Structures are given as structure tokens and as C-alpha cells.
Amino acid sequence: MELPKNFEPQSFETSIYADWEGKGCFTPEVDYSKPPFSIVIPPPNITGQLHMGHALNNTIQDIIVRHKRMQGYSTLWLPGTDHASIATEVKIVEKLHEEGVEKEDIGREEFLKRAYRWKETYGGRIVHQLRRLGCSCDWSREAFTMDERCSKAVREVFVNLYRKGLIYRGSRIINWCPHCHTALSDAEVEYEPQDSNLWHIRYPYTDGSGYMVIATTRPETLLGDTAVAVNPKDPRYTDKIGKTLKLPLTDREIPIIADDYVELDFGTGCVKITPAHDPNDFEVGLRHNLPVIRIMDDGGVINENGYAYKGLDRDEARKRIVKDLEELGLMEKIEPYAHNVGVCYRCHSTVEPIVSKQWFVKMEQLAKPAVKVVKNKKVSFIPDRFSKIYFNWMENIKDWCISRQLWWGHRIPAWYCADCGEVIVDKTDPEVCPKCGSKRLTRDDDVLDTWFSSALWPFSTLGYPDETEDLKYFYPTNLLVTAYDIIFFWVARMIFSGLEHMGEIPFPEVLIHGIVRDHLGRKMSKSLGNGIDPIMLIDKYGADALRFSLTTGVAPGSDIRFSEDKMEPSRNFLNKLWNASRFVLMNDEGVNLPEIGSFNYTSADKWILYKLNVTIKEVNTYLKKYELGMANAKLYDFIWSDFCDWYIELTKPALYGDSKRRKNETLAVLTYVLKQILKLIHPFTPFITERIWKEMGEEGFIMLRSYPVYSKKFAFTAEYRRFERVKEIIRAVRNVRSEMNVQPSKKINLCVSGEAENYLKRNEVYLKKLANVENVVYVRSKAEVEGKFVSIVAADAEIYIPLGDLVDFEQETARLQKELKNIENEIRRSEGMLSNPGFVAKAPEALVESEKKKLAENRLKRVKLLKNIQDLS
RNA sequence: GGAGGCAUAGCUCAGCUGGGAGAGCGCUUGCCUUACAAGCAAGAUGUCAUAGGUUCAAGUCCUAUUGUCUCCACCA
């Protein structure tokens with residue numbers, strides 16, 4: 001039983017993971033004698049590589065999952081990947097392009113073949129990286145949003161929604177990406193600030209009575225104008241309403257209409273209305289029954305409605321139109337103007353609002369119950385403030401555009417009859433038109449928004465629409481863990497989908513965490529090149545160190561600033577744990593240790609067992625609340641400070657002493673505490689704990705053992721407090737040694753008087769070992785102390801350290817004066833509180849009592865200090 | 001325009017339902033003490049952004065201000 005001298009996580013992490021996986025440790029049974037606990041992973045895109053965001057998200061999940069598993073839940077962490085329709089298609093198109101091929105050249109079927117091949121090659125990459133992280137996912141249940149199971153669920157849901165009238169097809173204004181050639185949902189549009197101009201253009205009245213000036217940021221859309229609007233209450237234009245204008249650069253005449261949408265105090269108060277290319281204008285157009293003229297094709301090129309500008313790209317058209325207007329004297333002025341421009345979240349091209357025929361999900365009816373379950377806390381966000389973000393979105397939601405003009409994804413299950421025009425939406429592919437019997441059916445070319453299938457993830461992965469055992473046992477899942485940036489995309493949609501299709505919430509809790517930023521607080525991104533590769537960190541420091549770093553000093557929901565230098569403290573900590581374990585193991589000579597509780601504990605034993613017990617309680621409490629940062633801190637402190645710095649040192653006299661019995665009893669406690677420690681911290685650092693566990697002479701894996709729980713048999717409160725006093729005295733002696741420049745190797749003697757004699761006698765061995773003391777002499781008063789000495793004052797003890805020539809009276813006086821000052825400050829504080837009648841009357845009694853006790857002790861200390869100072873002079 | 005977060009030691013951040021300011025890194029001093037120098041021991045360092053308020057008691061609760069970040073909306 002011995003560990004290698006050096007802590008080298010690289011040497012064991014991979015094989016331990018393979019061992020776990022091979023033995024089926026991650027695969028839970030559907031077992032009704034146990035409570036279930038399930039989490040579905042936020043499926044990473046198959047295009048992705050593990051980044052720090054994934055590392056954080058999955059570390060959090062794995063800690064919670066491992067804790068629950070050890071607590072005896074039948075625990076399922078269901079992994080999988082997302083086909084990421086648009087992201088993947090963009091990638092594959094790019095790759096084809098590099099080969100000199102366009103997707104249209106090879107056709108849909110061949111394209112999909114290649115896409116699947118690409119998925120086979122790269123889609124598993126991230127899944128293997130999760131294994132490196134130590135994620136205890138049940139790979140036997142691994143899902144993919146486009147696999148058979150999930151696709152069946154998608155089809156089921158689409159057809160059901162369609163039949164309920166919650167999915168419809170219609171011409172609406174949607175966001176169009178001219179680069180990806182597809183529609184986008186509102187959530188897929190990002191806004192970027194852009195410096196542009198506000199062009200003021202003259203639109204002449206048709207009656208020749210001058211012109212109206214309109215202001216626009218998009219002069220090229222002039223070609224599609226079908227009206228100019230003014231506010232009905234605008235006195236400048238009341239007499240103009242109903243007149244017509246000659247639309248420059250065209251042969252069209254357009255009316256002046258009145259609409260409240262126009263602001264009085266912006267621009268000129270006149271707005272050009274382009275229903276086909278602006279969402280607001282589209283609404284205005286509907287109200288006033290205006291024609292809708294599309295002037296751009298799907299690639300952002302001006303079409304046949306664009307007069308002389310036909311065939312020009314939208315940017316080029318803008319330049320030409322501005323130039324032509326200037327030449328015609330129709331450009332009143334050009335003002336610089338900064339505004340936000342919508343861009344595609346995948347390719348960052350400027351999004352073009354256009355009118356187009358698309359499929360939509362009607363949201364109003366679905367959103368209502370989804371808002372309600374969060375309002376009445378059936379689903380809670382942790383931290384709670386994120387529910388506001390959710391409400392804000394859900395309560396202002398518009399219909400969801402779900403069709404995408406892409407090939408990679410779930411193809412919409414709708415067929416059109418060429419003969420009668422019937423639309424057929426069904427769970428099985430139709431052979432003939434049910435209305436006219438025609439066989440000339442063509443399937444809709446579009447695929448569904450990627451998020452349509454992700455919305456079903458908590459139940460599609462468990463077998464929906466079939467009533468599988470998994471679905472019955474594990475649904476609803478227990479928790480969802482995700483970053484706040486996909487609350488809209490994903491969380492909200494899962495909630496209303498679960499309610500609609502399962503009739504039940506998908507999860508009662510949503511744990512929201514922050515984003516990993518770089519050391520300057522910037523988002524880690526490819527374009528900035530400031531990302532850190534988690535796999536590189538794992539190679540260098542080990543997965544445990546990465547996991548520990550990601551949970552150190554974090555508050556729920558807040559962002560993390562991360563840089564590589566956060567890895568060293570974690571690695572050092574694990575090295576500490578490694579070496580402490582080596583210490584325990586190397587002293588254990590394979591003898592049968594006595595059972596814990598079968599012998600009398602020493603004061604130090606009781607102290608550590610008490611502290612361990614408290615730590616167990618705290619860690620469980622924090623884990624239950626998902627306060628990983630706090631649990632992490634408690635473990636760190638207990639292991640490093642209490643166990644390593646104090647307890648291990650305290651055991652050395654017994655381990656190196658003559659009594660075999662004492663040695664074995666001490667070893668029994670050491671071993672017990674270490675095992676508890678390993679279990680406690682296992683969810684955070686699974687590899688090192690499993691590796692050490694293998695040397696501890698236990699059968700099986702630590703990951704399947706039960707998690708420590710608080711035990712009343714270690715409630716040694718009084719003993720703990722007394723031992724804390726011993727520690728205080730040890731610290732004080734060390735301090736004196738240091739301040740008096742006593743050589744660390746030099747042994748000193750202590751003279752003790754006061755009632756502390758009682759317990760110090762019993763703890764002498766620790767005093768001697770930890771403060772390097774030769775002899776402890778118990779005296780009545782300091783008169784008995786020989787030679788020059790320095791003194792330490794406690795409420796229940798006075799300690800004199802004869803140091804002969806090392807003692808400088810002046811220095812010693814100064815030291816005692818400083819101590820006196822501290823004590824007097826404390827006394828003043830206590831007196832202040834206790835002389836306040838409000839405090840005595842209203843504060844909790846226990847607090848008042850402890851304050852009184854402190855005051856009494858400090859007064860005693862003051863008296864002793866004053867005496868010692870007096871005696872020096 | 002609307003909503004929210006953050007502001008604590010030189011740096012990065014903890015601080016739960018109010019009750020004597022903490023960690024890591026860095027810094028100073030001394031130590032290779034047979035688990036660990038990726039270490040041990042002893043230290044120094046804070047008008048907890050500002051101004052009010054509530055309370056016996058405020059880093060913690062309330063209000064306002066300043067700075068900063070984010071999300072939503074998107075007025076042409």
C-alpha cells in the first residue's frame with residue numbers, strides 16, 4: 001500500500017475513467033426502491049470543441065451528480081450532442097467551398113451524406129473531451145438531436161402542434177441572413193453598434209408644391225417604399241395627409257398617411273414606409289393596407305423591382321442611390337448617426353428583414369402556462385433574479401419562426417399536393433393526397449430551427465413519445481444546469497414544451513451559472529483568440545485541478561475571470577492531499593487497525609473528529625443549495641489547515657512513539673478521517689480520490705460509496721473548544737519564538753501557572769512537539785521562574801518562557817504594550833456594547849452572555865498584562 | 001428607452017437568513033523540522049464606492065448618487 005512519491009495526475013486519470021466506464025458505474029438502474037435523480041446535459045454542438053464554458057458547466061453538473069449518486073439516488077446524467085443545424089451547415093459549406101464545390105452542385109442528398117460523415121468524424125470529439133474532464137455521464141444512453149429517438153419526438157411534436165393549430169405557415173416579416181440564406185428567429189439576431197448616417201431625402205409632392213424631407217438609415221430601401229407616414233397630431237403635416245409623393249428614382253407615386261407609430265420629435269417627423277423590409281413598416285402596412293414590394297432577393301441583391309439598380313448588391317445599391325439622389329438635388333443633408341444593426345448570430349452578416357413565407361409556432365397560448373409555473377415556483381431559477389429575465393422574454397414573446405432554408409436538420413414533415421394545393425402534415429410520409437388522391441406530392445424543403453429539437457431534450461432523450469421505463473422513472477428531470485446566455489434559446493422553450501407535450505414541467509430547478517471570461521474580463525472567443533483550451537490545462541495540471549479551480553471562489557450566477565495562474569493553487573492543494581495520503585499510508589504497516597469508537601480518543605482525535613463532523617454538515621448543506629464555491633472553500637480549509645497543518649502534526653508523537661497500541665489507535669483515526677475526506681471531496685476531484693482509495697484497502701470504487709453524513713457521536717463540543725485553547729497557546733509560543741529570533745531548532749522551556757495547568761498537562765506532548773518545547777514546568781507564580789523571560793497571557797494561564805540573553809527588556813515591554821493596546825480596544829468595544837441599554841434589552845441573550853464573558857476574560861488579561869509590564873521596569 | 005449585476009487587502013475574488021473583516025496569489029522574516037520547498041512557521045496590508053435612512057447593532061436591509069459590466073427593446 002503505497003502511492004508514488006510524486007503527484008502525477010496524467011499517470012492515472014485516463015485509466016481510472018476507463019475503469020469506471022467499463023464497470024458500468026455511470027449507468028443507473030430503473031429501481032423504484034430508490035429515489036431517482038436525473039439531469040440532461042445541455043447538448044454541446046457537434047461542431048464544437050470543449051471550451052472553458054463547457055468545462056465549467058459540466059464540472060458543476062458532475063459535482064452535483066456524483067454527490068447525489070453517493071447519497072443513494074439512482075442517478076442519471078444523460079449526455080448527448082446537438083446537430084446545430086445552422087452552425088454545422090455553415091461549417092460544411094465552408095469546407096466544400098475550400099474544395100471548390102458549392103452545396104447546390106452536389107445536391108441535398110450528397111450534402112447530407114457528407115454532413116453525416118462529418119458528424120461521425122468530429123461529432124464525437126467533444127464527448128471524448130467530457131470523459132477527460134471526468135464527467136460521469138451514462139454513455140449507454142447517449143443521445144443526438146437527429147438520432148432516431150429524437151427525430152421521432154420532433155415529428156410527433158410538430159404534427160401535434162400543427163393539428164392543434166399552434167403551428168402555422170404564413171407570410172410574415174422575418175429576419176433573413178443573406179449569407180446563410182435562411183430565415184432566423186428573433187433570438188438568433190444579435191445587435192451590434194455601427195457608425196452610419198442619417199440620410200435626409202427629398203420626396204417631391206406630385207402636385208409640384210415642393211417636397212417632403214424624410215430621414216432614413218437605409219436609403220436603398222427607398223425602392224420598396226409604398227407610403228410616407230407622419231404622426232396624425234403633427235401640426236407641420238396635418239394638411240399634407242392624403243396627398244401623394246413622387247418616389248425618387250422610380251416612376252411610382254406613394255401616399256402620405258397618418259400613423260401613431262411616427263414619433264414627433266425624431267428626424268423630420270416623416271417616415272418612409274417599406275413594408276417588405278422593416279418589421280415596424282410591415283405593421284404599418286397592414287394597418288393601412290399598403291402594397292408590399294420586395295426589392296431584394298435572398299442573397300441581398302436588388303431584384304426586378306429595383307429599376308436601374310437591379311442586380312446590384314445591397315451595399316453597392318446604397319452607394320449608387322445616394323450618389324444619384326445627390327446628383328438630382330434630392331439629398332437635403334447627410335448626418336453622421338450611430339445605431340444598432342442586427343446581425344446573424346452565426347456568420348455576423350447584417351440581417352435583412354424581409355417578408356417571406358415561413359413556418360411559425362404560435363406562442364401566446366404556450367407561453368402563458370410557462371410563465372405561471374415559474375411565478376408559482378414549480379420551476380425555480382437559482383439565483384432567483386434570473387426569473388426576471390425569463391419573464392421579460394416570455395411575456396413579450398412573438399411567434400417563433402421555426403423554418404430554416406437549410407439542409408442539415410429535421411426536415412419539415414409537410415407535403416404539398418401539386419394538383420389541389422392541399423398541405424399534408426403527418427406522422428408518416430404520405431403516398432397520395434388525402435384530398436384529391438394525386439400522387440404528385442412534394443415535400444417542404446425547409447428544416448426546423450435547431451432549438452426546436454433541443455426544446456424537447458428532457459423527454460425526447462428518455463424515449464418520448466413512447467412510454468418507456470426511463471421516461472416514467474426519470475421524468476421530470478431534477479435539475480437543469482446552464483449558463484444564463486441560453487435562457488431564451490433553450491430553457492424557456494423546454495419549459496413550455498414540457499408542459500405542452502408531457503403535461504408536466506421538465507425540471508423543478510434551473511441552476512444558472514456565469515460565463516468564463518479572460519483575465520481582463522472579456523468573453524473568451526475565437527476571434528479575440530483569448531480562449532484557454534481546457535484539454536491543455538488537463539494535460540498540464542490534471543482534470544481534478546481544473547475542476548477545483550473552476551469552483552474556487554465562485555458565487556452562484558456570477559461570471560468567472562479565469563487565467564492559467566488559477567491552476568497552480570489547485571494543483572498544489574491536490575498535491576497536499578496526495579502527500580497527506582502518502583503520510584497516512586506509509587505509516588500503516590498493514591496491521592489490523594482497531595475499529596473507530598472501540599478505544600478512547602485523545603484530545604486531538606476528538607478535536608479533528610468534531611471538526612470533520614462540522615465540515616461534513618457544512619459541505620452537505622452547501623451542496624444541497626448548489627453553493628459549490630462555499631463547499632469548495634470548506635473542504636480546502638479543513639483538509640489543508642485542520643487536517644494537514646494541525647492534525648497530522650499532532651499525530652506524529654504517537655506514530656513515532658513507543659506504544660504500539662497508541663500508534664494503531666492514532667492510525668485508525670487518521671485513516672478514518674482521510675477516508676471521510678476522500679469521499680467528501682470526491683465529487684470535486686474524482687480522479688485523485690479514486691486513485692488514493694485504491695491504496696486504502698477498500699473494495700470497489702469510492703465513487704459508488706455513500707457520502708458522509710453528520711453524526712451525533714462526534715459532537716465533542718467542549719473538548720473541541722478546549723483544544724482550540726491549546727492551539728492558541730501553541731500559536732502564541734511560536735509567535736514569541738519568531739519575534740525573539742529563537743532558532744527554530746532550539747528547544748525552549750515553558751513555565752505555566754494558572755488553571756490552564758489542568759488541561760495543558762494532558763496536552764503537553766502537543767505543546768512540546770508543535771512549539772519545539774523541551775520541558776514544561778508548572779509554577780505558582782513567576783517568582784519561581786529563573787533568569788530573564790518573556791510572558792504570554794491568557795485568561796486562564798500565564799506562560800513564561802525563560803530565554804536568557806535573548807530577552808531584551810525594552811523589546812519585551814513594547815511587545816506587551818502592543819498586546820495591552822489590543823486588549824484595551826477589545827474591552828472598550830465590549831463595554832460600549834454592554835453599556836448600551838438597547839443592546840442588552842434587545843439582542844439575543846446568548847450574544848449578550850458571550851459578550852460579558854469576553855469582557856471578563858479580557859479584563860483579567862489586562863490586569864495580568866499590566867502587572868507583567870510593571871514588573872519589567 | 002427598460003431591466004439587472006458588480007463596486008471589500010497591491011491583484012483575482014468569497015462573505016448564507018444583519019451581531020467582533022476572509023481566502024488564493026503577491027509581499028516581509030525565518031526554516032530543506034524523516035508526507036509535501038507544488039512545502040512549514042511567524043507576520044504586514046482594508047474610512048467594505050459616496051451620501052442619507054432603518055436598527056440596540058449595517059460589508060450585509062432600504063433610498064439616492066457616481067463608476068462599471070450585461071441583458072432586453074430598437075425611433076425611421
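All values reported here derive from a predicted model rather than from experimental measurement. Residue numbers start from 1 in every chain, and the chains themselves are labelled A, B, ... in the order their sequence lines are given, proteins ahead of strands.
Pair check for B:U50 finds B:A64; Watson-Crick or G-U wobble, both atom distances under 3.5 Å. The base-pairing partner of B:C36, taking Watson-Crick or G-U wobble contacts with both distances under 3.5 Å, does not exist among the strands shown. Shown here, B:A41 forms a base pair with B:U29; the pair counts as Watson-Crick or G-U wobble because both key distances fall under 3.5 Å.
Comparing the P positions of B:G39 and B:A49 gives an interatomic distance of 33 Å, to the nearest angstrom. Taking atom C1' on both B:U28 and B:U34, the two are 29 Å apart, rounded to the nearest angstrom. Here the separation of B:G22 from B:A44, taken at their P atoms, is 12 Å to the nearest Å. Rounded to whole Å, the separation between the C1' atoms of B:U8 and B:G15 comes to 9 Å. To the nearest whole angstrom, the two P atoms, one in B:G26 and one in B:A21, are 27 Å apart. Taking atom P in both B:C62 and B:U54, the straight-line distance is 15 Å, to the nearest Å. Spacing of P atoms, B:C25 relative to B:A42, comes out at 15 Å, to the nearest Å. On the P atoms, B:G59 is 15 Å away from B:G52, given to the nearest whole Å.
Summary of the strand contacts: A:Glu568 and A:Pro837 both lie near RNA chain B, and taking for each the nucleotide with the nearest heavy atom, the more 5' one is attributed to A:Glu568. Across the interface with RNA chain B, nearest-nucleotide mapping of A:Tyr636 and A:Asp559 shows A:Asp559 to be the residue nearer the 5′ end.
Note on A:Phe488: only backbone sugar-phosphate atoms sit closer than 4.0 angstrom, heavy atoms only; bases stay farther off. Among the atoms of the strands shown, base atoms are found under 4.0 Å from some heavy atom of A:Pro844. At the heavy-atom level, A:Ala215 lies under 4.0 Å from base atoms of the strands shown. Here A:Asn741 lies out of heavy-atom contact (under 4.0 Å) with every strand. In this structure, A:Lys854 reaches the bases: a heavy-atom distance under 4.0 Å links it to at least one base atom across the strands shown. Within 4.0 Å (heavy atoms only), A:Arg829 reaches at least one base atom of the nucleic acid. At a threshold of 4.0 angstrom between heavy atoms, the contacts of A:Val840 with the nucleic acid are absent. At the heavy-atom level, A:Gly629 lies nowhere under 4.0 Å from the strands shown. Among the protein residues, A:Ile273 comes within range of no part of the nucleic acid, since none of its heavy atoms lies under 4.0 Å from any strand. Among the protein residues, A:Arg731 comes within range of the sugar-phosphate backbone only, with heavy atoms under 4.0 Å from sugar or phosphate atoms but none that close to a base. Within the nucleic acid shown, A:Met630 comes within 4.0 Å of sugar-phosphate atoms alone, with no base atom in reach, counting heavy atoms only. Contacts of A:Ser558 with the nucleic acid, taken as non-hydrogen atoms under 4.0 Å apart, involve only primed sugar atoms and P, OP1 or OP2. Across all strands, A:Tyr390 comes closer than 4.0 Å to no nucleic acid atom at all (heavy-atom distances).
The distance from atom OH of A:Tyr622 to atom P of B:C16 is 8 Å, rounded to the nearest whole Å. Whole-Å rounding puts the A:Leu847 CG to B:U55 P distance at 19 Å. Rounding to whole angstrom units, CG of residue A:Asp645 and C1' of B:A42 are separated by 13 Å. Between the OH atom of A:Tyr484 and the P atom of B:G4 there is a distance of 16 Å, rounded to whole Å. Taking atom OH of A:Tyr261 as the reference point, atom P of B:A76 lies 8 Å away to the nearest angstrom. Protein atom CG of A:Asn620 is 16 Å distant from nucleotide atom C1' of B:C16, rounded to whole Å.
Using modelled atom types, one finds a donor on one side chain and an acceptor on the other under 3.5 Å when comparing A:Tyr345 with A:Glu188. Side-chain atoms of A:Thr621 and A:Glu618 include no donor-acceptor pair closer than 3.5 Å.
Contact annotation: A:Lys576 side-chain N/O to B:C40 OP1/OP2 distance is under 4.0 Å. Here A:Tyr656 reaches the OP1 or OP2 of B:A35: one of its side-chain N or O atoms lies under 4.0 Å away. When the side-chain nitrogen and oxygen atoms of A:Lys634 are compared with OP1 and OP2 of B:A14, none of them lie within a distance under 4.0 Å. Close to B:A38, at under 4.0 Å from its OP1 or OP2, lies no side-chain N or O of A:Arg571. Contact annotation: A:Trp640 reaches the phosphate of B:C40 (side-chain N/O to OP1 or OP2, under 4.0 Å). For the OP1/OP2 pair of B:A57 and a distance below 4.0 Å, the side-chain nitrogens and oxygens of A:Asn836 include no atom meeting the criterion. At the phosphate of B:C13, OP1 or OP2 sits under 4.0 Å from a side-chain N or O atom of A:Arg561.
Candidate nucleotides B:G39, B:A35, B:C16 were compared by shortest atom distance to the side chain of A:Cys644, and B:A35 ranks first. Among the nucleotides B:A76, B:C72, B:A42, the one closest to any side-chain atom of A:Glu263 is B:A76. Taking the side chain of A:Arg734 as heavy atoms from C-beta on, and the options B:A35, B:G19, B:A41, the nearest nucleotide is B:A41. The side chain of A:Glu649 approaches B:A35 more closely than any other nucleotide in the set B:C74, B:A35, B:G19. Closest to the side chain of A:Asn340, out of B:A73, B:A76, B:A35, is B:A73. With B:A38, B:A76, B:G4 as the candidates, the nucleotide lying closest to the side chain of A:Thr216 is B:A76. The side chain of A:Lys652 sits closest to B:A35 out of B:G15, B:A42, B:A35. Nearest nucleotide to the side chain of A:Arg385, out of B:C36, B:G5, B:A38: B:G5. Counting only heavy atoms from C-beta on, A:Lys818 has its side chain closest to B:A44 among B:A76, B:A41, B:A44. For A:Pro569, the listed nucleotide lying nearest its side chain is B:C25; candidates were B:A76, B:A42, B:C25.
A perpendicular orientation is assigned to the rings of A:Phe548 and A:Phe684, their planes being inclined by more than 60° (bins at 30° and 60°). The aromatic rings of A:His339 and A:Tyr337 lie tilted to each other, with the angle between the two planes from 30° to 60°. Using a 30° and 60° split on the angle between ring planes, A:Trp578 and A:Phe7 fall in the tilted class, from 30° to 60°.
Closest approach of A:Thr221 to A:Thr274, counting heavy atoms only: O-CG2, 3.4 Å.
With salt bridges taken as basic N to acidic carboxylate O contacts below 4.0 Å, none links A:Lys398 and A:Asp186. Ion pairing between a basic and an acidic side chain is recognised when a charged N comes within 4.0 Å of a carboxylate O; A:Lys634 and A:Glu627 show no such pairing. Between A:Glu568 and A:Lys540 there is no salt bridge, since no side-chain N of the basic residue sits under 4.0 Å from a carboxylate O of the acidic one.
Each of A:Lys854, A:Lys852, A:Arg859, A:Arg862 was evaluated against A:Glu831; a single residue qualifies, A:Arg859, per the salt bridge (Lys or Arg N to Asp or Glu O under 4.0 Å) test.
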